[in-house]
2 protein chains.
Amino acid sequence: MDKYELKLDQAARAAWLSYVGGRTQDEIASQLGVSRPGVQRLLALARQEGLVKVHIDHPLASCMVMSDAIVQRFGLDFCDVVPADPDASDSDVHYLAVAGAERLARYLDRSEPLTLSLGTGRAIRAMVEALSRLDRPQHRFVSLVGNVARDGSSNRYDGVMVLADKTGAERFLLPAPVVAGSVEEKQALQGQRLFQAVAEVARQAEAAFIGIGRIDRRATLFQDHFISETELEELLALEAVGELLGWPMNQAGEVIDCSITRRVTSLPLEALGDQSLVALAGGHDKGPAILSSLQGGWLKGLVTDERAARHIIESCRL
Amino acid sequence: MDKYELKLDQAARAAWLSYVGGRTQDEIASQLGVSRPGVQRLLALARQEGLVKVHIDHPLASCMVMSDAIVQRFGLDFCDVVPADPDASDSDVHYLAVAGAERLARYLDRSEPLTLSLGTGRAIRAMVEALSRLDRPQHRFVSLVGNVARDGSSNRYDGVMVLADKTGAERFLLPAPVVAGSVEEKQALQGQRLFQAVAEVARQAEAAFIGIGRIDRRATLFQDHFISETELEELLALEAVGELLGWPMNQAGEVIDCSITRRVTSLPLEALGDQSLVALAGGHDKGPAILSSLQGGWLKGLVTDERAARHIIESCRL
DNA sequence: TCGCTCGATGATCAAATGATCGAACAAAAA
DNA sequence: TTTTTGTTCGATCATTTGATCATCGAGCGA
């Protein structure tokens, strides 16, 4: 695939001329010696491959106010609030992903070895995809959540693989379902040497980037068949509103002890006590779940959007 | 000017939707409740104010090769080679400025107090203008070159002011012309308490970002009347090919001792010995001047373009 | 060697964008 | 109150961009 490299090179050059230099596609075409549609294709490639990173360098006043309020109220280290796109669906995580990637890049920039743990979810996955390629073979990435479903298929929202590919770092995946079929199965899983080794690496991580899940009929946990309908009903009856790493919690952010909790294989949240736990979640519907995680005092950092931030602020004010 | 702030806010929002979200101007218009041309104006404003930062995240193979060669040959810490735009004039420093700003940002990111010194020139000026706004009141910036011309007017290419404004940092300007009228004047200037105080701060700087000047009829030093035509002739007769901070040097990078040198008020290059000296210069015509600075071993880092890099590589190979 | 398939290329057109210009509006002065 | 001046806004048009489609040529098997 040397040909492809060459093409990317040219695409990067076209992108320079277009985005940094502000040339028109016609000018670029004559410079690179290709037709105008050729430039078109190069630029499309450059964007698709994530070669072009755009950063809007202005703190939106409304977002800043909410961000500050949340940092104050919940004692966070930081809170990024990205503007919401009223037209985009609630599940459009692109804006979050870009902002999250910038936070993540700050950690990765370091040249000393770093161990970082990741949760799963669309937001986390999109975040690592939005990240720049960056050579950091000294780092290690480890998943905090089992990455196989009950049917044995791998979790398509796992970010560790992509991130390790982009950086050339070592990767550690948790070979388990999020929720085991029974307490015995969980114990058997956790007894495995491999599982324990990965968990140990996870405990050494300095920081964790995780998603926040809702608990309702549209919960990822339910939709991706990590829990059954009966189990969902059980959680709802116990007033669960959100989950971190599969641990369901109530409005106050307390982990709910129930038949499901006893079968969750993820690392216990307490084990991450000294890590910087950074959550990535947005959309108005996720407001209650995010609020719950904040109330529980689990988080050190939050990347969210205007919609969720507004919900949080308004709920606090009561 | 609160109205203006509001406008910038909206411009930033429009830029988010357009650049990060990829919406069309029509969609943005209906969301922000303005007309399509209104969005047009907002986006133009956002770009003009430098709210939109674009980064092409791909190492161009040809540039990387030259960069590595230069780092190796001259023992630099780094060398960034940006692609040249064949259509842009040799004096277009925009690409250099963007790359330089990224290097500069790495220093500024630090939260501990930092003292940084700056030379002058269009490239340096453009670099600080390309930089993101960033709150760093703990830093200090100091100019290494006198920033008044013989007629008493201030140097329009001084970057310290702009940089200090953008960061809220302290600023130290050297209250002197680059080249004094006479040796006595130079000594009088350097005897001033203010001058000595600023020079002392400059000596404490950790790193310096400077330009590289040519010595010919198109030299900034000459065009901006820092030296007269007779003085230029004198320098050319002594085989000067470039200058750093106003210190003229020959092909081997040795500072030339002559009537002009004895009147230059800038800090002596030796005084910066332990600082990281980063130079910013490009264009084919500047090749000899850049090469001379490299030969002299003055630099720790270089940001240049393909044209100059090619000239340097080819000259070395002989 | 011929014919087939697949991928790349350039012509063409619709959509989106940037720029100009005149109208409307507001503020200030007569 | 009227006029003038300066500014903002939106209609319109030229330019640029993105996408489709037909064509061409290289590679591969018969």
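Just so you know, these numbers use all the heavy atoms, side chains as well, and skip hydrogens, waters and symmetry mates. These numbers come from a predicted model, not from an experiment. Each chain gets a letter, A, B and so on, in the order its sequence line appears, and its residues count up from 1.
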Hey, can you pull the donor-acceptor pairs under 3.5 Å for the side chains in residues 41-50 of chain B, sequence neighbours left out?
from	atom 1	to	atom 2	distance (Å)
B:R47	NH1	B:Y19	OH	2.7
B:E49	OE1	B:Y4	OH	3.4
B:E49	OE2	B:Y4	OH	2.9

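For the salt bridge (charged side-chain N to carboxylate O under 4.0 Å, His left out) test, no residue two or more places apart in sequence or in another chain qualifies with B:D109. By the salt bridge (charged side-chain N to carboxylate O under 4.0 Å, His left out) test, A:R110 pairs with A:E112, A:E206, sequence neighbours left out. For A:D26, there are no side-chain hydrogen bond (donor to acceptor under 3.5 Å, both in side chains) partners two or more places apart in sequence or in a different chain. With sequence neighbours excluded, the residues that form a side-chain contact (heavy atoms from CB on, under 4.5 Å) with A:V98 are A:H94, A:E102, B:V20.
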Contact pattern, 5' to 3', of nucleotides 13-23 of chain C - B, S or - by protein heavy atom under 4.0 Å: ----BBB----
